[in-house]
Amino acid sequence: MTTLPPQTASSQAAKVPAISVDGLHKHFGAHEVLKGIDFQAYDGEVVSILGSSGSGKSTFLRCLNLLEMPSAGRLCIFGEQVGLKKTSGNLAIRDQRQVDRLRTQVAMVFQNFCLWQHMTVLENLMEAPVHVQRRAKREVRDEAEAMLERVGLIERADFYPAQLSGGQQQRAAIARALVMRPKALLFDEPTSALDPELVGEVLRVMRDLAAEGLTMLVVTHEMGFARDVSNRIVFLDQGRIAATGSPQQLFGGGVNDRFDQFVSRFNS
Amino acid sequence: MDWLFIKDIFHQMLLGIPLTLQLTAISLLAGFVLACLVQAAVTSRHGLVRGPATAYVELFRGTPLLLQIFLIYYGLGQIGLLRQSFIWPFLREPYWCAVLALSLNTSAYTAEIIRGAVQAVPPGEIEAARSCGMSGLLLRRRIIWPIAVRHGLPVYSSEVIQMIKATSLASIITLNEITGITYRLASDTYRVIEIFTVAGAIYLALNFVVSMAFAILERFLNGHLADRRA
């Protein structure tokens, strides 16, 4: 493993990481997908998680909000350890209410958008704030509309997801995550299901969020985004963090052979 | 065509509609509640719960409703223990035997409809709900059930129509619903063509109303599919 010190290590030393995992393992049956991952993301960091298919990057991200249950390891969200208990197979959730609460703080954007098809865009946005966070409907509606304005979908507020393009659906999904006022956002290949000409509009929204200082963990194949927008790259290879560092360090080459090979496939 | 005769039998058959609808409504209601329990048991993690529930579904779907009615009406009376019990006043009545048989029968079918509808809820939409902090009853109430209802409704409308027609079997155990009255008229007058045609028309009209009601309900619930329907 090649680890380079983060550029702002001194300022981060005292801070509590936004998301922190120790010794994260995950196996599906006999197949071990994650083989012990130690990782911290700090407040305001934009981390791109790269790796070839099968490297475990999506599984890793999904373990962070427990959509996938780890087999072993420790997970802390903003300093709060997530209660996990041992079972015969994977770990299990100890307190569902704690997990539900933390999930609204670490929201997720999916590859396939996963908007609720039977609700309008506005209803999609209002669902969790009203029914999970129990915030006042009127206030949530105002905030949801402001959020739609921001991602350029206000005139689509009363449309159903099936009536939108992929890019519009993904922007709506990002807005749905943001209305929960999360402290961090997980992106699971947010542009991989999009037609090439629609990728740009989604990346533009993500760039804006990064510029505002939102903590983001992004599993992506968009090398441009990883290089230009993120503060840090995590390169997963065969279930381990093979290299991590700033985009300048890693994309400069010569840090990790597997990473250089991986990147060269995108440039050809 | 003897319109006077047709008008006369039509009026007599109309008197059977309340009983037909009553049998249908009570059985559907009881059957639905039972189906929810059976469906929960069928999808249970515990084999000891799942096994009997699966057997129940297969048993009631796999045997003719008429036999189920016979077994309950004629068969249960031969069990001495039952005749002494507090439910005997009910099971002695053909009405409650019909309700019981129809309820058990529809619950098996409805359990399967519910299972299919819940399984058809896209996993991604459930995951999205979980990732928004939903779980347990909230997740079911806000996401899974509303989507499942939309999947299950078209199939369930067929089940309702089947049930309206199935109540005609209650005539065999002396109930005077539409078919019971029809049969009596037919054996009194032997004018079978008019009589059975009019009875058929009444069932057709009832089921047409049911179809329309479900179509309206579906249209109301499926605004999100409006474009695809066009």
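Around atom CZ of Phe28(A), more than 12 heavy atoms belonging to other residues, nucleotides or ligands sit under 6.0 Å away. Shown here is Phe10(B), whose CZ atom has no more than 12 heavy atoms of other residues, nucleotides or ligands within 6.0 Å. The environment of CZ in Arg140(B) is sparse: at most 12 heavy-atom neighbours from other residues, nucleotides or ligands sit within 6.0 Å. Other residues, nucleotides and ligands place no more than 12 heavy atoms under 6.0 Å from the CZ atom of Arg130(B). Within a 6.0 Å sphere centred on CZ of Phe32(B), other residues, nucleotides and ligands contribute 12 heavy atoms or fewer. Around atom OH of Tyr183(B), no more than 12 heavy atoms belonging to other residues, nucleotides or ligands sit under 6.0 Å away. The environment of CZ in Arg101(A) is crowded: more than 12 heavy-atom neighbours from other residues, nucleotides or ligands sit within 6.0 Å.
Between Ala128(A) and Cys132(B), the shortest heavy-atom distance links the atoms CB-CB, 3.7 Å. Of all non-hydrogen atoms in Met119(A) and Arg142(B), the two that sit nearest each other are CE-O, 3.9 Å. Here the shortest heavy-atom pairing between Thr104(A) and Gly133(B) reads CG2-CA, 4.2 Å. When all heavy atoms of Trp116(A) and Glu125(B) are compared, the closest pair comes out as NE1-O, 2.9 Å.
Contact annotation for Arg97(A): neither backbone nor side-chain heavy atoms come within less than 4.5 Å of a heavy atom of chain B. When heavy atoms are compared at a cutoff of 4.5 Å, Arg62(A) approaches chain B solely by way of its side chain, counted from C-beta outward.
Within the model, atoms NE2 of His131(A) and CG of Leu138(B) stand 7.5 Å from one another, a figure rounded to the nearest 0.5 Å. Taking CZ of Arg103(A) as the start and CE of Met134(B) as the end, the distance is 12.0 Å to the nearest 0.5 Å. Between the CD1 atom of Ile93(A) and the OG atom of Ser135(B) there is a distance of 8.0 Å, given to the nearest 0.5 Å. Note that NE2 of His118(A) is 5.0 Å distant from CD1 of Ile143(B), once rounded to the nearest 0.5 Å.
Of the listed residues Asn65(A), Leu67(A), Leu186(A), the one with more heavy-atom pairs under 4.5 angstrom with chain B than any other is Leu67(A).
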